Amino acid sequence: MVPKSSPTASSTGKPLISEKAERFTESVIRDMTRQAHLYGAINLAQGFPDFPAPKEIKRAAQEAIAADINQYAITWGAKSLRQAITVKMKEWQGLRIDPEAEITVCCGSTEAMIASLLAITNAGDEIVVFEPFYENYGPDAILSGARPRFVTLHPPAKPEGEWCFDERELRAAFGPHTKAIILNTPNNPTGKVFTRAELEFVRDLCLEFGALAITDEIYEHILYDEAEHISIATLDGMRERTITINGMSKTYSVTGWRVGWAVASPALTSAIRKVHDFLTVGAPAPLQEAGATALSLPHTYYDALAAAYRARRDRLLPALRQAGFKTFVPSGAYYIMADIDEFGFADDVSFAQHLVKEIGVASVPGSSFYSRPELGAHQVRFAFCKTDATLDEAARRLLRLKKT
Ligand SMILES: Cc1ncc(COP(=O)(O)O)c(C=O)c1O
């Protein structure tokens, strides 16, 4: 946080802060984590697990360090990890990727997204973004000089229904300046998993307007009920126009390792690699080696991951309902959006403040996921990537809401 007394202009009146940096705030999600520490609250705000990462992956990282893989990796990624990404994408998506020309390993999918946007956008280009959206996409668009065009995902009327876009609204967001659409499926914060028909509709617009799709698929293995993850790159006509972003953070419970990647055609990849090189040089070398081990885990690992998350979802959902929330049931990812109308607060921010300070549970105010804050003024988001003990303690505290 910049202290209030800190000057924002030089003695000559020249602004010290860029117009771009002035246009967005610090992350609300990360701020809620700091508030959780401050007030001793249970952190259901930020999406990181509070349980251990798999032993075999941690061992692989330790062995890599012991084997002195401690210097810069190849800037676009260690060969072993790129090879493992290729094998996994063939196995799960049926896509043939050239590890030498089509993969850029980055510092998390966060860097993969901004490096991709910086690689493809010129001033004045438009980027279509569904809202509510993962918080980073807004600043990413500003930093890359693109103009975001937001399209609303409308909440379902019933808890089990799906969030959905209006086809006319999506079509209206595309135009001659559309450079790309950002997709995130399974989706944070809504839990929506885009269907094949929806992705085909997006595909048709991309083809009609000559636009790219940048798809953030970091929750691809966290799916519930009958939901099926479909990568838009697998649809006819999209292989060459898609940048597929993924990473280790969520699938292997290692959000602090900062390893992610972008997969795209050789032409797009060579631009992404240049941007990535000058942004960060490379992702942590020993952790990339451990990534190769992680991506080679058997299918049973992914089955167990999805089953464990399903159990956590089904633990938190009834607790939220019992505390008085109207909940939306996620089909994927590890968040629950909840409607707070019942509690009679002025807005989501004052409610989230009450929750963290007085009730002892940190959530994320819904407005931080929207370009128009009023759309999220009745919602907060809870993350359930937590142990049963954490979820149970949160449930116990949330019941206090009934008494306030
Ligand atoms: C949709 C989405 N993309 C990207 C990220 C960040 O991923 P990484 O840790 O790989 O940078 C998150 C983290 O919550 C997320 O929800």
Side-chain angles (χ1 to χ4, degrees), residues 26-33 36 43-50 53 57 77 81 85 103-118 127 129-141 143 148 153 163 181-194 213-223 229 231-232 243-263 272 276 279-280 282-284 287-288 290-291 294-295 309 330-337 362-364 366 368-370 381-386:
E26 281 179 21
S27 157
V28 176
I29 300 177
R30 267 92 69 192
D31 181 49
M32 287 310 296
T33 286
N43 188 358
L44 301 191
Q46 200 173 352
F48 61 83
D50 69 346
I57 305 179
L81 177 56
I85 294 168
I103 298 174
T104 312
V105 176
C106 295
C107 295
S109 39
T110 298
E111 195 226 332
M113 178 61 77
I114 186 72
S116 299
L117 285 169
L118 287 168
I127 303 287
V129 182
F130 287 109
E131 66 178 346
F133 54 86
Y134 171 56
E135 216 192 6
N136 280 36
Y137 303 155
D140 283 349
L143 288 171
L153 287 174
W163 295 66
I181 178 167
I182 295 181
L183 283 168
N184 171 216
T185 182
N187 185 259
N188 171 12
T190 63
K192 175 181 175 61
V193 178
F194 283 71
I214 311 177
T215 169
D216 176 341
E217 303 187 356
I218 65 162
Y219 297 103
E220 69 169 319
H221 291 290
I222 303 178
L223 297 166
H229 172 66
S231 291
I232 194 167
I243 302 174
T244 305
I245 289 176
N246 214 319
M248 292 186 67
S249 286
K250 313 292 175 171
T251 305
Y252 307 104
S253 305
V254 287
T255 58
W257 282 18
R258 317 308 305 129
V259 179
W261 48 87
V263 176
I272 296 168
H276 156 71
L279 279 176
T280 62
L287 305 184
Q288 292 191 52
L295 270 73
Y309 273 115
S331 303
Y334 51 49
Y335 306 96
I336 296 171
M337 279 291 247
S363 62
V364 181
S368 61
F369 301 104
Y370 290 88
R381 188 199 76 175
F382 294 98
F384 57 85
C385 42
K386 309 292 170 184

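Indexing begins at 1, ligand by ligand and atom by atom, following the structure's order. When a residue number appears, it is its place in the shown sequence, counting from 1. Everything numeric here is computed off the predicted structure, so don't read it as measured data. When reading the values below, keep in mind they use all heavy atoms of this one structure, side chains included, and skip hydrogens, waters and symmetry mates.
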Any side-chain heavy atom of Phe130 sitting closer than 4.5 Å to one from Asn184?
no

Can you sort out the partners of Ser231 under side-chain contact (heavy atoms from CB on, under 4.5 Å), two or more places apart, ordered by chain and number?
Gln93, Glu217, His229, Thr234

Contacts of Leu143 meeting side-chain contact (heavy atoms from CB on, under 4.5 Å) (sequence neighbours excluded), chain-then-number -> Phe24, Ile114

For residues 252-261, dump all side-chain donor-acceptor pairs below 3.5 Å to protein atoms at least two apart in sequence or in another chain.
from, atom 1, to, atom 2, distance (Å)
Tyr252, OH, Tyr302, OH, 2.5
Arg258, NH1, Thr255, O, 3.0

Compile the protein residues with any heavy atom at a distance under 4.0 Å from an atom of ligand 1; present them by chain, then by number.
Gly108, Ser109, Thr110, Tyr134, Tyr137, Asn184, Asn188, Asp216, Ile218, Tyr219, Ser249, Lys250, Arg258, Tyr335

When you measure from the side chain of Thr185 to the backbone N and O of Phe194, does any donor-acceptor pair fall under 3.5 Å?
yes

Pair Tyr335 + Phe369: ring centers closer than 6.0 Å
no

